[in-house]
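Structure, as structure tokens:
Computed from a predicted model, the values in this text were never measured in an experiment.
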Amino acid sequence: MDDRYGTDVLARGWREAGRTKVGRVEAAVDLVVEVAGDGFCGAVTRLEGMNVELEDRFGKRRLFPLGGGFLVDGAPVVLIPPAAAPKGRTRTASGSFAVDDPRARTARASRIFVEGKHDAELVEKVWGADLRAEGVVVEFLEGVDLLEQTLDAEPPTAERRYGVLVDHLVPGSKESRIAERIMAGRHGAHLRIVGHPFVDVWQCVTPRALGIRAWPEVPRSVEWKVGVCRALGWPAEEQADLARAWQHILSRVTTFRDLEPALLGRVEELIDFVTVP
């Protein structure tokens with residue numbers, strides 16, 4: 001006669017009897033996952049702390065906490081962080097090979113000036129490791145209008161080259177006229193001024209990284225950052241709202257792939273210029 005209670009009351013596993021075992025799956029990039037009870041389905045793009053980001057076929061991205069509540073091929077799974085890969089040569093956020101000794105070298109006399117606080121924060125996030133390895137200091141320049149007096153106070157020389165990154169450096173702009181005048185003057189021989197074509201450095205972050213189709217078009221009558229925040233449904237009533245918006249944008253940047261080529265090339269150009277032996 002069958003004994004549905006079993007013959008050994010001390011046998012292990014009685015609590016799990018009849019339960020469906022849920023597998024543990026590493027949240028590897030490109031793994032297609034469905035969120036149970038939500039219906040959202042997408043491929044893993046990255047991990048952010050203990051959260052996994054999924055991107056659906058329309059390009060929409062969402063963050064979910066790792067753990068249970070996911071389906072892979074229709075079966076329930078628990079998503080876990082991928083196992084650490086064997087250590088080889090690692091790369092920095094800019095794509096360069098990381099040095100074996102990460103300690104910063106003694107600062108060079110040459111340096112890079114970056115117009116705008118947000119610009120400087122973005123350069124630090126992507127190129128910070130490279131700049132420390134090269135001993136290059138990045139200085140915040142409040143505006144290109146102040147560049148000439150900054151150079152007059154401590155002029156560049158053959159041993160102290162300066163690179164300058166400027167917003168909205170396009171033909172006919174105020175920024176381009178200032179840059180042309182300075183480069184034609186006494187500081188031009190040991191100076192390199194470059195810039196990106198965007199209204200603001202926010203646009204140097206790709207729409208893909210933010211999960212949007214494109215940066216909103218903002219009328220000239222509206223302050224650009226305020227218009228962007230309103231168009232994206234973000235608060236924009238005070239300066240603190242804009243600061244939070246920037247921190248959100250910056251958090252979406254993890255590697256050089258999250259930036260537009262128009263900025264990437266210019267920063268690399270400046271680093272090369274100021275590190276010439």
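- If you chain together hydrophobic residues whose side chains sit under 4.5 Å apart, Val44 and Ile80 never meet in one group.
- Residues Phe113 and Leu131 do not share a hydrophobic cluster, clusters being chains of Ile/Leu/Val/Met/Phe/Trp/Tyr side chains in contact below 4.5 Å.
- By the side chain to side chain donor-acceptor pair (under 3.5 Å) test, Glu34 is found to be paired with no residue, residues two or more places apart in sequence or in another chain being considered.
- Here the closest non-hydrogen pair linking Glu142 and Leu146 is CB-CD1, 3.8 Å.
- Pairing each heavy atom of Ala245 with each of Cys229, the nearest pair is CB-SG, 3.7 Å.
- Residues Val123 and Val194 share a hydrophobic cluster, clusters being chains of Ile/Leu/Val/Met/Phe/Trp/Tyr side chains in contact below 4.5 Å.
- For the pair Ala27 and Val52, the tightest heavy-atom approach, listed with the atom from each and the gap, is CB-CG2, 4.2 Å.
- The ring-ring contact (aromatic ring centres under 6.0 Å, His included) search around Phe70 returns none, not counting sequence neighbours.
- Using a 4.5 Å heavy-atom cutoff, the side chains of Leu122 and Leu250 are in contact.
- Judged as a ring-ring contact (aromatic ring centres under 6.0 Å, His included), the pairs with a partner in residues 167-201 (not counting sequence neighbours) are, in order, His196-Phe198.
- Evaluation of the side chain to side chain donor-acceptor pair (under 3.5 Å) rule for Asp241 yields Arg244 as partners, not counting sequence neighbours.
- Residues in residues 40-50 take part in these side chain to side chain donor-acceptor pair (under 3.5 Å) pairs, two or more places apart or across chains: Thr45-Glu53, Arg46-Glu48, Arg46-Glu53.
- With sequence neighbours excluded, the residues satisfying side chain to side chain contact (heavy atoms under 4.5 Å, CB included) with Pro65 are Asn51.
- With a 4.5 Å cut-off between side-chain heavy atoms of Ile, Leu, Val, Met, Phe, Trp and Tyr, the cluster of Val32 takes in none.
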Side chain to side chain contact (heavy atoms under 4.5 Å, CB included) between Ile112 and Trp127, worked out: CA-CA 12 Å; Ile112 293 175; Trp127 287 274; over 6 Å; no
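- No chain of hydrophobic side-chain contacts below 4.5 Å, direct or via other Ile, Leu, Val, Met, Phe, Trp or Tyr residues, connects Leu141 to Val201.
- Side-chain atoms of Ser176 come within 3.5 Å of backbone N or O of Val170 as a donor-acceptor pair.
- In this structure, CZ in Arg111 is found 6.0 Å from CD in Glu154, a value given to the nearest 0.5 Å.
- No more than 12 heavy atoms of other residues, nucleotides or ligands sit less than 6.0 Å from atom CZ of Arg257.
- Listed by first then second residue, pairs satisfying side chain to side chain donor-acceptor pair (under 3.5 Å) with a partner in residues 203-219 read Arg208-Asp258, not counting sequence neighbours.
- Counting heavy atoms from C-beta on, the side chains of Val144 and Ile182 never come closer than 4.5 Å.
- Between Arg252 and His248 the shortest heavy-atom distance is CG-O, 3.2 Å.
- In this structure, NE2 on His118 lies 8.5 Å from CD1 on Ile249, to the nearest 0.5 angstrom.
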Give the table of side-chain donor-acceptor pairs shorter than 3.5 Å for residues 269-277, with sequence neighbours excluded, one pair per line with atom names and distance.
from	atom 1	to	atom 2	distance (Å)
Glu269	OE1	Arg266	NE	3.1
Glu269	OE2	Arg192	NH1	3.0
Thr275	OG1	Ile271	O	2.6
Thr275	OG1	Asp272	O	3.4

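- Taking each heavy atom of Met50 and Pro81 in turn, the nearest pair found is CE-CG, 4.2 Å.
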Stepwise side chain to side chain contact (heavy atoms under 4.5 Å, CB included) test for Leu147 and Ile178: CA-CA 9 Å; Leu147 177 58; Ile178 293 174; 5.5 Å; no
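- In this view, Phe64 and Phe40 satisfy the ring-ring contact (aromatic ring centres under 6.0 Å, His included) rule, not counting sequence neighbours.
- The shortest distance between side-chain heavy atoms of Trp224 and Val228 falls below 4.5 Å.
- Between the OH atom in Tyr162 and the CD1 atom in Ile193 there is a gap of 13.0 Å [rounded to 0.5 Å].
- Listed by first and then second residue, the salt bridge (charged side-chain N to carboxylate O under 4.0 Å, His left out) pairs that reach into residues 172-189 are Asp145-Lys174, Glu148-Arg181, Asp152-Arg186, sequence neighbours excluded.
- Taken to the nearest 0.5 Å, the CG atom of Leu79 stands 6.5 Å off from the CG atom of Leu31.
- Residues Leu259 and Val205 form a side-chain contact, since some pair of their non-hydrogen atoms from C-beta on lies under 4.5 Å apart.
- Partners of Glu124 according to the side chain to side chain contact (heavy atoms under 4.5 Å, CB included) rule, which considers only residues two or more places apart in sequence or in another chain, are Arg132.
- For Ser110 against Arg161, the heavy-atom pair with the smallest separation is OG-N, 2.8 Å.
- At least one donor-acceptor pair under 3.5 Å links the side chain of Lys125 to the backbone N or O of Val253.
- Residues Val164 and Val137 fall into different hydrophobic clusters, defined by Ile, Leu, Val, Met, Phe, Trp and Tyr side chains chained together at heavy-atom separations under 4.5 Å.
- Expressed to the nearest 0.5 Å, how far CG of Leu210 lies from CH2 of Trp202 amounts to 10.0 Å.
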Pair Leu47-Leu66, side chain to side chain contact (heavy atoms under 4.5 Å, CB included): steps then yes or no: CA-CA 9 Å; Leu47 267 65; Leu66 288 169; 4.0 Å; yes
Step-by-step side chain to side chain contact (heavy atoms under 4.5 Å, CB included) determination, Glu121 to Trp246: CA-CA 10 Å; Glu121 289 176 343; Trp246 167 242; 2.6 Å; yes
